[in-house]
Amino acid sequence: MEISIRVRRAMFAVLLASCVISSAVQTALNTALTPIMQEMNITAGTAQWLSSSYSLVMGVMVLATAYMIKRFKNRSLYLLFMSLFTVGLIMSALAPSFAVLLSGRLLQAAGTGLLMSLTQVFILTAYPQVERGSVMGMFGLAVSAAPVLSPTLAGIIIDLAGWQMIFWGAAAISLAVLVLAVFVMKNTTEPQQVKFDFASLLLCSVGYVGIVLGLGNWSRYAFASVHVLLPILFGIAAIALFSGRQLKLDKPFLNIRVFTNSEFRLAVIASMLLYAGMIAVAVLLPIYIQSLRGISATISGLVTMPGSLITALVSPIAGRKYDKIGIRKLYIIGSALVLAGHAALVFLTDSTSLILIAGLFIIRQIGIGMLLMTTVTWGMSGLDKSFTADGTALISSMRTVAGAIGAAAFVSIMSAVAGSDKTEAMLRGMKVSFAGIAVMSAVVFLLAVLKIGRKRKSI
């Protein structure tokens, strides 16, 4: 559907603003976990659900958005999910209890999952091919910068006005964007009569939720308890049923046969391990700085900001290097840096210099910047174009859910090892969790040395 250049630019501005605010809110809450724990009298194991559930819902939404964007008009979809996002922000700002706060986060995650996909579809359908690269680059830069800066900004807001003001500020911006969208947004695609396999989505969702729920419960119960093992086993069974269903369907919900491609399979494994460690550290480090060290939320955000900024700078450089030298050298160097950064965190004490911690975080973030997008590019490069949609959905969904699993598992490990709020016990739990994250990073490094980039197989 043709639209004028003026309307197209206005629509892109609205969509971009929506994605920026949703990306910022996604990471801002990591800095707020400690004051929320104190105000609502909850444990770290409970508080981490604000982060892991967000990733979990986003991972499920990625699987559903392809159908929704094809089936419904994009204007209606945008207005509905931006409204859900805004309502979620207001719920969280007003939350009298943790349950209401968590419910608001789930609505925010649902909105974010669709807004990101919808914006990329808009760029690919509304802009001529010669402009898509530059517009997509602008989109990528904006949504990458927002989560980088938001933890620091959130820290300042928390210290000045309380954690609720994060949501009130975001809600005010979201409402303004939503009102503008009512007048600006137009339909750019025609709805199609496509069949939706609800059973497949349900099985996959139950599988994801079961695994993350079980690992999250580990913070309060023994691993061998029914509260932990039963949800995990139920989740694994649901994933197995989902996989079997896809292999039997003539037109599968997701074509999991892409996993027969060795490059794609390795890329998914490495990406999941990388994301799990990345999100786990993003949750644990602010808790260490604020709860264990008693340092302000502002300083907590400032410690991680240099490393996050460097990631945004390194990522496009890594993309260009990948085009020139391929994945192998890039992956060995990048995974070695991530391993070094994570391994060093095991030796944190209750008096480690914050400048040293910021330096370690920078080393780790350089490695992540080298690997984050190049992993996806390399993994997808071995697939035939007809498998692009399935491959993209699978790797995006699985690594996002891996982030939820990482947060749930390693905060639970920290809580289980600590067993109390004493500084010594909490520090011991932190070290064990950081050691586990370092082990995962070592696996990624071994994959880089032994497997990644050695051979190529297409389907």
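Nearest heavy atoms, Ala280 versus Gly406: CB-O, 3.6 Å. The minimum heavy-atom distance between Val401 and Gly59, with the atom names listed, is CG2-CA, 4.0 Å.
You'll find the side chain of Ile232 reaches within 4.5 Å of the side chain of Val228, heavy atoms only. Within the 4.5 Å cutoff, the side chain of Ile295 has no heavy atoms near those of the Ser300 side chain. Two residues are said to be in side-chain contact when any heavy atoms from C-beta on lie closer than 4.5 Å; Ile405 and Tyr208 fail this criterion. Here the side chains of Leu285 and Thr304 are in contact, with some heavy-atom distance below 4.5 Å. Side chains of Phe361 and Val303 form no contact here, defined as non-hydrogen atoms less than 4.5 Å apart. Put simply, the side chain of His342 does not reach to within 4.5 Å of the side chain of Phe434, judged on heavy atoms. Ile256 has its side chain out of reach of Pro252: every pair of non-hydrogen atoms, C-beta onward, lies at least 4.5 Å apart. Annotation: side chain of Phe445 is in contact with side chain of Ile332 (closest heavy-atom distance under 4.5 Å).
Side-chain contact check for Thr43 and Thr46: at least one donor-acceptor pair (N or O, by modelled atom type) lies under 3.5 Å. Between the side chains of Ser55 and Tyr275, no donor N or O sits under 3.5 Å from an acceptor N or O. There is a side-chain donor-acceptor pair under 3.5 Å between Thr112 and Tyr54. Side-chain contact check for Ser397 and Thr400: no donor-acceptor pair (N or O, by modelled atom type) lies under 3.5 Å. For Thr34 and Ser291, the side-chain atoms include at least one donor-acceptor pair closer than 3.5 Å. A donor-acceptor pair shorter than 3.5 Å can be found between the side chains of Ser200 and Gln246.
Of the possible polar contacts, one joining the Ser412 side chain to the Leu215 backbone as a donor-acceptor pair under 3.5 Å is found. Proximity of a side-chain donor or acceptor of Ser271 to a complementary backbone N or O of Arg399 within less than 3.5 Å is not detected. Of the possible polar contacts, none joining the Ser51 side chain to the Gln48 backbone as a donor-acceptor pair under 3.5 Å is found. Here the side chain of Arg364 pairs no donor or acceptor atom with the backbone of Leu337 at under 3.5 angstrom. Formation of a donor-acceptor pair under 3.5 Å by the Thr374 side chain with backbone atoms of Tyr322 is not found in this model. Remark: side-chain polar atoms of Asp197 are not paired, donor with acceptor, to backbone N or O of Phe253 under 3.5 angstrom.
No more than 12 heavy-atom neighbours from other residues, nucleotides or ligands sit within 6.0 angstrom of CD1 on Ile355. The environment of Lys321 atom NZ is sparse: at most 12 non-hydrogen atoms of other residues, nucleotides or ligands sit within 6.0 angstrom. Atom CZ of Phe234 is surrounded by 12 or fewer heavy atoms from other residues, nucleotides or ligands within 6.0 Å.
Note: Met370 CE to Ile333 CD1 = 5.0 Å, rounded to the nearest 0.5 Å. The CD1 atom of Ile368 sits 11.5 Å away from the OG atom of Ser335 when rounded to the nearest 0.5 Å. Residue Phe85 holds its CZ atom at 10.0 Å from OH of Tyr78, rounded to the nearest 0.5 Å. Between atom CG of residue Leu274 and atom CE of residue Met272 there is a gap of 12.0 Å, rounded to the nearest 0.5 Å. Between the CD atom in Gln290 and the CE atom in Met37 there is a gap of 9.5 Å [rounded to 0.5 Å]. Atoms CG and OG, from Leu101 and Ser92 in turn, are 5.0 Å apart once rounded to the nearest 0.5 Å.
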### Query
Run the side-chain contact (heavy atoms from CB on, under 4.5 Å) check on Cys204 and Val60 step by step: do they pass?
CA-CA 8 Å; Cys204 193; Val60 173; over 6 Å; no
### Query
Would Ile299 and Leu354 count as a side-chain contact (heavy atoms from CB on, under 4.5 Å) if you check the C-alpha gap in whole Å, the side-chain angles of each, and the deciding distance to 0.1 Å?
CA-CA 9 Å; Ile299 299 300; Leu354 294 183; 3.6 Å; yes
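Paired with Arg293 under the rule side chain to side chain contact (heavy atoms under 4.5 Å, CB included), one option of Ile287, Leu348, Ile357 passes, and it is Ile357.
Classification of the Phe259-Phe264 ring pair by plane angle, with boundaries at 30° and 60°, yields tilted.
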